[in-house]
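Supplied in structure tokens, the structure appears directly below.
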Amino acid sequence: VTKRGEPSNPLAEALAALRASLSSLAFPLPVPSAAPARVTAAALLAQVDDYLLPRCARLDAPLLVVVTGPTGAGKSTMINSLVRAPASAAGVLRPTTRAPVLVCHPADAAWFRRGSLLGGLARTSGPAAGPEQLQLVTAPALPRGCAFLDTPDIDSVVAANREASARLQAVADLWLFVTTGTRYADAVPWEVLRTARQRGTAVAMLLNRVAGDAGQEVAGHLTEMMTGFELADVPLFVVPETRADGQGLLPEPVVVPVRQWFETLAADEETREKTVRGTLDGALAAVPAQVDELVTALDDQVAAAERLAEQVGMAYGAARASVERAIVDGALLSGEVLARWQAFVSSGEWTRSPLGPARRGRLLAGRARTAREVIAALESALGQLLRSAAVDAVEQAHRAWSRHSEGSGLVTAQAGGDLAVPAATSGVPAGGDDQVARLVREWRRETVELVAAGAGGGARAANHATSALVLVAAAAAPPVGVNVGVNQVADHEQVLLALGTDPTVRALAAKSRDGLTARIAVLIDSEAARYLDRLTNVSLDGARAKALRETASELEQVRAEPERAGAEPDTGEPPGPEAGT
Ligand SMILES: Nc1nc2c(ncn2[C@@H]2O[C@H](COP(=O)(O)OP(=O)(O)OP(=O)(O)O)[C@@H](O)[C@H]2O)c(=O)[nH]1
Ligand SMILES: [Mg+2]
């Protein structure tokens, strides 16, 4: 039928594809759908590995009865009594069964010892050390072709037990649900049963330890409840309260009807296979709904990531706009820059001959010192402007992300460091190098080179002064065309106005300003990237959702075409571990 480890049929291939897309899923943003989706994805992935793949590869493997129900209901005691040996420890300390115990006929043991059914659980022959282990016990009293899996209780207060229990239930060909006259009305087990039922899992009920005279009444009520939960057609065993013997086994008369039912099931190949196929098909049919939930949750991730990205875009867009506005409207020409500019202007004859081509060199020559001071003041003011814009942006982005849970988890405790600390200003010693200082310095250098190239290698001092003019014109002067009456404005403003009309300065300043805005854009983008980088994994989710949807629909198609599914067991082979391996 199949070679171990190879996809044996289209169904197995479709499941393998589903498995691959499931294993790439992540739900990092804590939107409401994320936590349930993580649980669903893990459970589905486990079911594919533990049960769907192995079972669809070998339909003739022994039928696995998972015994489940509330703690203390007598699950382990019943299994031991069925196999007439203390296979799984029973006890008064709740919960007793903390790790799964698989009891099977010795001839079936090889299936479970080597098999990929529950492949993730390490096999042990002694008591399992934890829920990641599976204890294998053989019992000659069991018929071949039918095995029992004793599981931790269904509604355990121990979370690890509950999860382990759910994982084990997912591999069942049939559930034997054991409850008692005092526990049968509890809500949790019924919800679990309803889910099993909706998934087409075969179920048998066992009402255990029913006290003599209450039997009729309790069984009647339970039957009513079963009907309400669409479990009316499920076999119900009512086992009266008796005393266990020295080995903890129940008296034969109360066990016999249950054992006979399983013996009949194991012996009747057709019914057994029908049970196996029914549960398998139910589990496969339940996949699309689970995948829908995952796809919706992935969409939620993308939507949340887009919201977060938009907030970052707004914060850093505002920062960039405010810096550009300050440059364009001349806001930088104030304070120290203005004082230095005035000193620079008043040291010469600006008002009468601003920038006359013939006199430019001579005029500017004497102003090297004041020019340097203007440049230094301008650099410092520009640096401050950029730093405060970066701080504003990081604060706004941080505030925006912190307002909701999906963002607040991302701003702290990540490998990239705490986003609350703006990179542009953090950890830089006074006078030290940082991104902003580097940007300003590089922009000044670029402008000085532009001026030098434009001046055709004039005197250094002249270049200095012209650079000062160009730098101020680029970063601190308002755009040309502001109509100011010449008599009412101060000398330095007249110089500014003159700068605006001088074609050489204008061209150089325009180039210099373009260089500056480009550098600012790069800086702002790299600051914003500290936030956006945390969303890159999420933005892939659109593609992941699409891939997942495709694998699920392929699985649906294969399932809907039995001839393609090709999971017909080779009926010529007797069921057993040796077959086809
Ligand atoms: N008198 C009597 N005692 C029983 C019966 N079934 C179980 N017990 C006792 O009840 C206790 C619990 O039984 P277990 O078989 O360990 O119950 P369980 O459902 O496996 O419990 P967990 O493993 O904790 O989920 C043990 O002390 C058993 O000896 C019964 O039919 N009659
Ligand atoms: Mg037990």
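Side chains included, hydrogens not; waters and symmetry mates left out as well; all remaining heavy atoms used. All ligand and atom numbering here is 1-based and tracks the order in the structure. What you are looking at is a predicted structure, and each value in this text was computed from that prediction instead of being measured.
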Numbering as shown, the atoms of ligand 1 that approach Ala73 to under 4.0 Å (heavy-atom distance):
19 (O)
Using modelled atom types and a 3.5 Å cut-off, is there a donor and acceptor pairing between side-chain atoms of Asn208 and backbone atoms of Ala73?
yes
May I ask whether Gly72 has any heavy atom positioned less than 4.0 angstrom from an atom of ligand 1?
yes
Please determine if Thr71 has a nitrogen or oxygen closer than 3.5 Å to a nitrogen or oxygen of ligand 1.
yes
May I ask you to check if ligand 1 and Asp150 share an N or O to N or O distance below 3.5 Å?
no
May I ask you to identify, for Arg209, whether its side chain, its backbone, both or neither come under 4.0 Å of ligand 1 on a heavy-atom basis?
side chain
Answer yes or no: is there an ion pair linking Glu556 with Arg559, defined by an N-O contact shorter than 4.0 Å?
yes
Ala244 versus ligand 1: do any nitrogen or oxygen atoms come within less than 3.5 Å of each other?
no
Short N/O distance, under 3.5 Å, between Thr151 and ligand 1?
no
Under 3.5 Å, is there a donor-acceptor pair between the side chain of Gln47 and the main chain of Ala170?
yes
Under 4.0 Å from ligand 1, counting heavy atoms only, is it the side chain of Leu250, its backbone, both or neither?
side chain
Under 3.5 Å donor-acceptor, Thr201 side chain and Ala196 backbone:
yes
Less than 3.5 Å apart, any donor N or O on the side chain of Thr40 or Glu293 sitting next to an acceptor on the other?
yes
Any sub-3.5 Å donor-acceptor pair from Arg113's side-chain atoms to Arg123's backbone N or O?
no
For the pair Lys75 (side chain) and Gly69 (backbone), establish whether a donor and an acceptor sit closer than 3.5 Å, ignoring hydrogens and angles.
yes
Checking heavy atoms under 4.0 Å, the part of Met78 that sits near ligand 1 is neither
Are any of the N/O atoms in Thr242 less than 3.5 Å from those in ligand 1?
yes
Any N/O/S atom of Ser76 sitting less than 2.8 Å from the Mg ion (ligand 2), backbone or side chain?
yes
I need the single residue from Asp49, Leu22, Leu25 that forms a side-chain contact (heavy atoms from CB on, under 4.5 Å) with Leu44. Which is it?
Leu22
